[in-house]
Amino acid sequence: MGVIARIMHGEDVPQPVLQILGIKRINTNSDQERYRLLMSDGKYYNSYAMLASQLNEMQHKGLLTENTIVRLDKYMTSMVGKEGSGKRVLIVTELTVLKSGEEVKTKLGEPVTYENAAKPEAAPKAAPAAASAPVKKDQSYNYNNNNNNNTMNSTMNGTLNSSLTHPIASLSPYQNKWVIKARVTSKTAIRTWSNARGEGKLFSMDLMDESGEIRATAFKEQCDKFYDLIEVDNVYFFSKCQLKPANKQYSQLKNDYEMTFTGETMVQLCDDADDGGIPEIKFDLVPISQVASMENKAAVDTIGICKDVGEVQTFTSRTTNKEFKKRELTLVDMSNAAINLTLWGDEAVNFDGHVQPVILVKGSRINEFNGGKSLSMGGGSILKINPDIPEAHKLRGWFDNGGGDNISNLVSARTGGGSFSTDWVTLKDARIRNLGSGDKPDYFQCKAVVHIVKQENAFYKSCPQTECNKKVVDEGNGQYRCERCNAAYPNFKYRLLINMSIGDWTSNRWVTCFNEAGEQLLKHTAQEVGEALENDPTSAEKMFGDINFSSFIFKLRCKNEMYGDMTRNKLTVQSMTPINYKEYNKHLIKELKEMTGIGPAN
DNA sequence: CCCCCCCC
């Protein structure tokens, strides 16, 4: 009997050798690239063979042309379509080309379609048990009525094996008779919601098998039922979930669909011995130094030592009024670079960084701020602490021998060493482009001259507490009262809040310098400036006058702000630095080239 | 049926 017939009966034939008679791209309703193979064993051919997407590369390289002889090193079969009329599909996950199509030149034998051959009993339960791995009955999780429970057991008991489960890539809303065998790669905490449409709780998890990945979410009752059962890294059988189109906005998983648990959903732990076919999660690890040159908002997998760890910070979002907790870690690696990683919620609260563990992160998001790049955990990000992988052990050895002592490349540093990563915008263009009118502030830089620095209201007396900069009330008795701290102090600290007019070649604007920027501007501490303004007008005059008509590179924050019922566009100085002409000229030359198309390519 | 992740 031909090998194809045996495989299509459900037999697990090791490393069958077949000939490719054709290959064509399947039209999927997304940009997912999948190929269907027409394969022959010399006696039968079968067009229900698919190439796992990780092998697409072989097709790109032209290795899978007509007449090529291949060995299927790894494959699986599964039933698709309606029960009874179901077709068995062969999915090839590893193959070796034995002889190229060019060498073979011709079709071997006179194969007929397998479908035309005498149909054997093709029902799944008739499959030989060779590859089956019995599932422990007592690990069956079902919380429904007895009827469903029976269904579960008759489906699962002793007959489930890899060749009877469906690949995740084959799931669609049009077909609900399936069982998948998948590894849980991540699981969220339980989250509650409350909005106009109601309230509830949910958690979601990411599932993976050799064919692909999918997000599954359990709401309300199902959330309670399954939350404790589902453990990250375990392999389970899942069935009877509802499929619906995935909202790509919220998931970077490679699947057009996502699943929702229903009252019928069944989940069953898979024996360790039988999960060999399900891959471990893969990390596409990027050296930290390389993150500096990656796009803002890109997803990053990386690994590093948690060299420093910050305290948990609690704050309320201004836009949503929700409370958030975060914690920032500093990761270092052998690229001699450091980057900050922000953890959120319970993950932030429970994190223990004092032992400087190895941190592996998958799918973290790049956040660019003031030229520095940081990583943040977000939807779908996975954090692993001290993972047992070679990279982690290598890092541990490196770090424990002083490897992290001289980190020079601080990827998250905000004043990124003279690099001009913030957009260059002229003062006029900032107006024309309506910068600052969005929800978030815009940041830009420009070269401008200081015209006038106002001395009036250039400072205020603030609360002496380190983290409180609130203006204090002079009670006239040597006491200064802070409303925020609800306390009176015998002392205060000066803080700067300076308004000045700056101009570039297009326009001029009033901008505000808060404390640190003000100190940069006047080259004196806030204390010195405050004392001079209060007690030494001559000295103050000199401080404020000296700076006029000097040029700087200004990094500005631009945001519309409400004053009563008026909206005003405000510019705040983030930093002002003396002009590094070598760097600035580089920028000008680049602009000239872009505008004219003249000049050698860089 | 969620889908929020701030601030610098």
Side-chain angles (χ1 to χ4, degrees), chain A residues 186-206 215-224 227 241-253 258-263 265 296-297 299 310-329 340-349 351 361 363-383 410 412-416 421-422 438-443 467 469 512-517 555-559 570 572-575:
Chain A
S186 71
K187 161 182 156 181
T188 69
I190 293 178
R191 191 172 66 226
T192 57
W193 84 88
S194 172
N195 60 29
R197 276 170 294 186
E199 55 184 41
K201 55 164 110 169
L202 69 117
F203 81 101
S204 60
M205 70 216 92
D206 291 345
R215 159 75 49 89
T217 304
F219 290 95
K220 300 175 183 172
E221 297 82 11
Q222 282 77 256
C223 174
D224 289 335
Y227 186 77
C241 300
Q242 185 191 336
L243 275 110
K244 58 172 189 178
N247 189 337
K248 292 287 180 184
Q249 196 186 334
Y250 303 119
S251 163
Q252 60 268 62
L253 253 59
E258 59 186 39
M259 321 202 299
T260 304
F261 279 25
T262 70
T265 294
N296 191 21
K297 301 299 167 198
E311 296 299 317
V312 172
Q313 293 170 259
T314 304
F315 60 88
T316 306
S317 162
R318 278 184 202 174
T319 44
T320 63
N321 261 336
K322 279 190 183 173
E323 193 185 83
F324 287 98
K325 286 190 167 73
K326 74 161 189 183
R327 190 199 289 271
E328 285 199 3
L329 322 183
N340 291 350
L341 169 69
T342 307
L343 310 187
W344 298 92
D346 287 344
E347 200 163 51
V349 173
F351 184 79
V361 64
S364 67
R365 280 293 181 85
I366 297 182
N367 265 314
E368 191 170 358
F369 180 71
N370 271 0
K373 285 187 172 119
S374 310
L375 301 177
S376 178
M377 300 296 286
S381 304
I382 299 171
L383 187 82
L410 306 177
S412 300
R414 288 171 191 171
T415 47
S421 55
T422 313
D439 291 344
K440 288 192 172 183
D442 291 307
Y443 295 88
E467 287 304 319
N469 295 322
T512 302
C513 287
F514 285 103
N515 204 52
E516 290 71 19
K555 288 195 173 168
L556 297 164
R557 177 188 194 270
C558 182
K559 181 90 185 79
K570 258 200 95 170
T572 308
V573 176
Q574 301 296 116
S575 72

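Order of the sequence lines sets the chain letters (A, B, ...), proteins ahead of strands, with each chain counted from 1.
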Inset, instruction - Specify the separation, in whole Å, of atom CD of A:Glu258 and atom P of B:dC2. - result: 11 Å
Legend entry - Polar side-chain contact A:Gln222-B:dC1 base: donor and acceptor under 3.5 Å: no
Legend entry - Distance-only polar pair, side chains of A:Lys373 and A:Asn340, donor-acceptor under 3.5 Å: no
Inset, instruction - Determine, answering yes or no, if A:Phe219 is stacked on B:dC1 under the 5.5 Å centre rule and the 30° plane rule. - result: yes
Legend entry - Gap between atoms CG and C1', on A:Leu329 and B:dC5 respectively (whole Å): 15 Å
Inset, instruction - State whether A:Phe261 and A:Lys220 meet the cation-pi test: NZ (Lys) or CZ (Arg) under 6.0 Å from the six-membered ring centroid, and within 45° of the perpendicular axis. - result: no
Inset, instruction - Please state how far atom CD1 in A:Ile382 lies from atom P in B:dC5, giving the value in whole angstrom units. - result: 20 Å
Inset, instruction - Remember a base hit wins even if backbone is also touched, and classify A:Lys201 as base, sugar-phosphate or nothing at under 4.0 Å, heavy atoms. - result: nothing
Legend entry - Proximal nucleotide (of B:dC5, B:dC8, B:dC2) relative to the A:Phe369 side chain: B:dC8
Inset, instruction - Check the distance between B:dC6's P and A:Arg365's CZ and give it to me in whole angstrom. - result: 11 Å
Legend entry - A:Phe351 CZ - B:dC5 P separation (whole Å): 23 Å
Legend entry - OP1 or OP2 of B:dC2 under 4.0 Å from side-chain N/O of A:Asn195: yes
Inset, instruction - Kindly say if A:Arg191 contacts the phosphate of B:dC3, meaning a side-chain N or O under 4.0 Å from OP1 or OP2. - result: yes
Inset, instruction - Looking only at side-chain atoms of A:Thr342, point me to the closest of B:dC3, B:dC6, B:dC8. - result: B:dC6
Inset, instruction - Consider the side chain of A:Leu202, meaning its heavy atoms from C-beta on, and name the nucleotide among B:dC2, B:dC5, B:dC8 that approaches it most closely. - result: B:dC2
Legend entry - Contact check, side chains of A:Lys326 and A:Val312, non-hydrogen atoms, under 4.5 Å: no
Inset, instruction - May I have the distance from A:Met205 (atom CE) to B:dC2 (atom C1'), rounded to whole angstrom? - result: 13 Å
Inset, instruction - Give a yes/no on whether any side-chain N or O of A:Arg197 is located under 4.0 angstrom from OP1 or OP2 of B:dC2. - result: yes
Legend entry - Whole-Å distance separating the NZ atom of A:Lys559 from the P atom of B:dC7: 9 Å
Legend entry - For A:Arg215, the option from A:Thr188, A:Asp206, A:Asn247 that meets side-chain hydrogen bond (donor to acceptor under 3.5 Å, both in side chains): A:Asp206
Legend entry - Atom pair distance, as rounded to whole Å: CD in A:Glu328 and P in B:dC8: 14 Å
Legend entry - Donor-acceptor pair (no angle test) under 3.5 Å: A:Glu323 side chain, B:dC6 base: no
Legend entry - Presence of donor-acceptor pair under 3.5 Å, side chain of A:Lys326 and base of B:dC6: yes
Legend entry - Charged N-O contact under 4.0 Å between A:Asp346 and A:Lys325: no
Inset, instruction - Looking only at side-chain atoms of A:Phe315, point me to the closest of B:dC6, B:dC1, B:dC8. - result: B:dC6
